[in-house]
Participant: 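Here it is: the structure, laid out below.
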Protein chains: 4
Amino acid sequence: MAGINKVILIGNLGKDPEVRHLEGGASVAHFTLATNDHYKDKQGNRVERTEWHNITAWRGLAEMAEKYLKKGHQVYIEGKLRTRQYQDKDNQTRYITEIVADEITMLGGRPSGSDGPAAPEQAVAVAPVTFRQEPELDQLPF
Amino acid sequence: MAGINKVILIGNLGKDPEVRHLEGGASVAHFTLATNDHYKDKQGNRVERTEWHNITAWRGLAEMAEKYLKKGHQVYIEGKLRTRQYQDKDNQTRYITEIVADEITMLGGRPSGSDGPAAPEQAVAVAPVTFRQEPELDQLPF
Amino acid sequence: MAGINKVILIGNLGKDPEVRHLEGGASVAHFTLATNDHYKDKQGNRVERTEWHNITAWRGLAEMAEKYLKKGHQVYIEGKLRTRQYQDKDNQTRYITEIVADEITMLGGRPSGSDGPAAPEQAVAVAPVTFRQEPELDQLPF
Amino acid sequence: MAGINKVILIGNLGKDPEVRHLEGGASVAHFTLATNDHYKDKQGNRVERTEWHNITAWRGLAEMAEKYLKKGHQVYIEGKLRTRQYQDKDNQTRYITEIVADEITMLGGRPSGSDGPAAPEQAVAVAPVTFRQEPELDQLPF
DNA sequence: TTTT
DNA sequence: TTTT
């Protein structure tokens, strides 16, 4: 029976996207995204908490990421959870959980104190990355 | 700036929930959830793909999971992504990404060929698990 | 600046879909969906509440609805909110808010007390209905 | 069987919130939110489309809206669909569909061409508005 | 390890 | 490693 696997994030890029152009024409981008939350602890103090997410974007979304997304930009991302295995340097099996993006929308935010221009007010939405490209994902070092 | 960190899943439990009742009265449940997807490959064959998710539920949701959720049941889960560090048996730092549930709703599905009764048609929704309980999470072996 | 307009529903069809096959080959389906909720009132009694939604599905999703969806079936629907104007019989302008489906997944549930067979456990997900078809929506009586 | 009724919007306020302080201490806010989308038509021209949503917020969220939200501000809203009946001036029954907010997060954006200061970069998230307050909604003119 |  |  088919299921649903959906992630919705609003956060800030921790670094510029790293984009690889694969043989065959497909592109893939990786970056990290911070989502910030806060709560009051038992003493009533405000406590900040940041969660870091590994984002992967394919094809048109990878090219959009390469062109428009920079460290610090605020984005909305919709995608799917995907956990991959890989072998670490000691040949141990390790797991990494990523969000494979289906849609990325740029929001207005930018780092305070930034001298640069605001994030271009643009948005990209594509049809879900088809699973045909996914086997290529397994060949990638992260 | 506050962000959004939201996960929506519909899938089937891979095993019965494991529930721990902590000192102080809180409970925590862990289980795995499979979300199934399918696509056509380049040859037009239907290919199945299953993604496994680690689910954590606290307090009232943990007790609901203990009482009502069994291996194979189909559920809707809404929650947040959270990546924790832990030390493996070789004292290496490892990471695990979990979905901390804010809401669990039982759906009608059950394993075909099951002799048992259908999933009770019940649902539980609670206010978001407050972050005050989360430090306890770090004390848990998984 | 681009925005986000997303609706996620799990509920039961209030009637069989009504499907129209338009000139030019496109199809459109309409049906209503009930989402049930419950809460405790001040006296602690359980109170049921049903919300009814107008669902519209285009093209492949309309054909899927025509073939597989029946009154009482439980479905997951993801889509967009859209409010249309129309003229009522007294030539007054009226508004109706619909959910235009991007994805429909059949869940296992069926009406309690139903003698009929369970919903076929099948699922369909398509790329978002492109906006090119939407002008046609305005020509439809509902 | 319980269902799911969830709306996720990112858009800009069409006007300042109108807030009413009810007898008994509860507050309720109303405002409209525009979500913008765009697509290419058959001739390849970029076409803009704006959808307007009626937002209702209760209690703590209403007070947050009153204090912090202004016309033009960009927000993330999560809530539930709710369709209410009312009698129009000719005593005809009419329907209006609203999004009852469960969570509002302020984003960095502000109207282009605005001379005013940026939206304060603050966020509020509350537990879902309990249904106990909802009967009061029916007493409100909109 | 689920489900179809 | 972001942001406030």
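These numbers come from a predicted model, not from an experiment. Letters go in sequence order (proteins before strands), and every chain restarts at 1.
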Participant: Using the side-chain heavy atoms of A/Ala34, tell me which of these nucleotides is nearest: F/dT2, E/dT1, F/dT4.
Facilitator: F/dT2
Participant: Mind calculating the distance between OH (A/Tyr39) and P (F/dT4) to the nearest angstrom?
Facilitator: 21 Å
Participant: For A/Trp52 and F/dT2, say yes or no: do the ring centres fall under 5.5 Å of each other while the ring planes differ by less than 30°?
Facilitator: no
Participant: Between C1' on F/dT2 and CD1 on A/Ile55, what's the gap in Å once rounded to a whole number?
Facilitator: 12 Å
Participant: Taking side chain to side chain donor-acceptor pair (under 3.5 Å) as the definition, give me every residue that meets it alongside A/Glu63, ordered by chain and number, with sequence neighbours left out.
Facilitator: A/Ser27
Participant: With a 3.5 Å cut-off and just heavy-atom distances, do the side chain of B/Asn36 and the base of E/dT2 make a donor-acceptor pair?
Facilitator: yes
Participant: What is the distance from CD of A/Glu51 to P of F/dT4, rounded to the nearest Å?
Facilitator: 19 Å
Participant: I need the NZ-P distance between A/Lys71 and F/dT3, as an integer number of Å.
Facilitator: 7 Å
Participant: Residues in side chain to side chain donor-acceptor pair (under 3.5 Å) with A/Glu78, at least two apart?
Facilitator: A/Lys6, A/Tyr76, C/Lys6
Participant: To the nearest Å, how far apart are B/Ile10 CD1 and E/dT3 C1'?
Facilitator: 13 Å
Participant: Starting from P on E/dT4, measure out to NE2 on B/His73 and report it in whole angstrom.
Facilitator: 12 Å
Participant: NZ of B/Lys70 versus P of E/dT2: gap in Å, rounded?
Facilitator: 16 Å
Participant: Output the single nucleotide from E/dT3, F/dT1, F/dT4 whose closest atom is nearest the side chain of A/Glu48.
Facilitator: F/dT4
Participant: Rounding to a whole Å, what distance do you find between B/Tyr76:OH and E/dT3:P?
Facilitator: 22 Å
Participant: Determine, for B/Arg20 against B/Glu18, whether the closest basic-nitrogen to carboxylate-oxygen distance falls under 4.0 angstrom.
Facilitator: no
Participant: Of A/Asn54, A/Ile55, A/Thr83, A/Val7, which is the lone residue that meets side-chain contact (heavy atoms from CB on, under 4.5 Å) with A/Glu98?
Facilitator: A/Asn54
Participant: Starting the side chain at C-beta, find the nucleotide from F/dT3, E/dT1, E/dT2 nearest to B/Thr32.
Facilitator: E/dT1
